Protein chains: 2
Amino acid sequence: MATPPANDRPIFGVGFFLSTLGFRSHEMWAERLVPLGLDSRQAAMLLNVARAEGRSQQALAQALKIPPSRVVVLVDDLERRNLLQRRADPADRRIRLLHLTPDGRAMVERLARVAAEHDDWLSVGLDEAERDQLVALLRKAAAGLELSGTVHSGLAGGEWEPADLG
Amino acid sequence: MATPPANDRPIFGVGFFLSTLGFRSHEMWAERLVPLGLDSRQAAMLLNVARAEGRSQQALAQALKIPPSRVVVLVDDLERRNLLQRRADPADRRIRLLHLTPDGRAMVERLARVAAEHDDWLSVGLDEAERDQLVALLRKAAAGLELSGTVHSGLAGGEWEPADLG
DNA sequence: TATTGTTATACTCTATAACTATA
DNA sequence: TATAGTTATAGAGTATAACAATA
């Protein structure tokens, strides 16, 4: 049978559950970050830099889709707390290269643990097979949306920029 | 085999994809509402009232988890545009009962069509079986989270408050 | 002249708290 | 006195635009 006409379809479909669960996931993620003293964006920044140290602030702003002016203050804070470090680019002195400090690297590991906890919490209603299935389907849906626009992705290789994590 | 230790688990799991896709879903949903002249919250309000006409503003505020003061201005706007109507409660004159106007009902039907389009768009990478599977898994995950706190739900009966739709 | 990072400004949301009218 | 709705105020978060240094 074909897809039923719009009016016969449930309002509570993919979009509804995705938005609702996504919202709740983000909400809870932010809560888990409080003890770490991190903003969800700052967490994303740390993970992003961890994946490619030596990024410029500009690149980061683009990946996270936030204005460069906002990156400044967030990096300011991370630098003050010795998690991130701005280094000069010998080739172009306008650019600040972002690097993790040892504390920053420790924080990234902590983030990985918290993310795992978070995932467990999110999928508490699912058994292991279902959880794998869910991730696979979400991945596929994301690929179909060419989400590279929103979250810079190289989906083909299974690589994701954690731009919006949180 | 058991769940692997936190540090060996991918950062890009359920939480990441749920947040990312949920965010994108909401973003696109809001875009689709622009031509209708609706805010995502206003859309949720209309759907909410459609499911139970005669709700009070207070009840609506609780269901949508937004302060009553905010409900006022949103209802003001919807009333000005003849989509919603405030009626006096004969039993308690403090209360305003919310009802859809004929225009409001037409708008709800339009919303149903837009929501169907939106769902199609979201699941463009999936075939029909996969899409059904995804909804089922999301539903199950939502049930596991006892999401009734965030989105007032009677999940058992498959009934959802569209509080956070969008 | 264009670009990186920065600072300053202005604006949009949002929540909070005062206020009124009923109960 | 307590509650529904409303109004007013103040605060957070955000983007925009001006600015300085370098290319």
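As the structure is a prediction and not an experimental result, all values here were calculated from the model. Just so it is clear: chains get the letters A, B, ... in the order the sequence lines come, proteins before strands, and each one is counted from 1.
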Taking only heavy atoms on the protein side, list every residue of residues 73-96 of chain A lying under 4.0 Å from any atom of DNA chain D, sorted numerically.
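A:Asp92, A:Arg93, A:Arg94, in order of number.
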
A:Asp77 bridged to A:Arg81 by N-O distance under 4.0 Å
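Looking at A:Asp77 and A:Arg81, the cut-off is met.
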
Between B:Leu100 and B:Arg105, the two heavy atoms sitting closest are O-NH2, 3.4 Å

Looking at every non-hydrogen atom in both residues, tell me the closest pair between A:Val108 and A:Leu46 and how far apart they are.
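That would be CG2-O, 4.0 Å.
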
C:dA8 phosphate, OP1 or OP2, under 4.0 Å from A:Arg70 side-chain N/O
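Looking at the OP1 and OP2 atoms of C:dA8, neither is under 4.0 Å from any side-chain N or O of A:Arg70.
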
Would you say A:Gln58 reaches C:dG5's phosphate, i.e. side-chain N/O to OP1/OP2 under 4.0 Å?
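For C:dG5, OP1/OP2 do have a side-chain N/O of A:Gln58 under 4.0 Å.
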
How long is the line joining [atom1] of [X] and [atom2] of [N], in whole Å?
X	N	atom1	atom2	result
A:Leu64	D:dT14	CG	P	12 Å
A:Gln57	C:dT3	CD	C1'	14 Å
A:Ile66	D:dA15	CD1	C1'	12 Å
B:Leu60	D:dT6	CG	C1'	16 Å

Hey, do the aromatic rings of A:Trp121 and A:His118 have their centres closer than 6.0 Å?
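Yes, ring centres under 6.0 Å apart.
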
What residues, two or more places apart in sequence or in another chain, satisfy side-chain contact (heavy atoms from CB on, under 4.5 Å) together with B:Arg94?
B:Asp92

Going by side-chain heavy atoms closer than 4.5 Å, which hydrophobic residues are tied to A:Val72, directly or by a chain of links?
none

5' precedence on DNA chain C between B:Ser69 and A:Pro68 (nearest-nucleotide basis):
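Nearest-nucleotide comparison on DNA chain C picks A:Pro68.
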
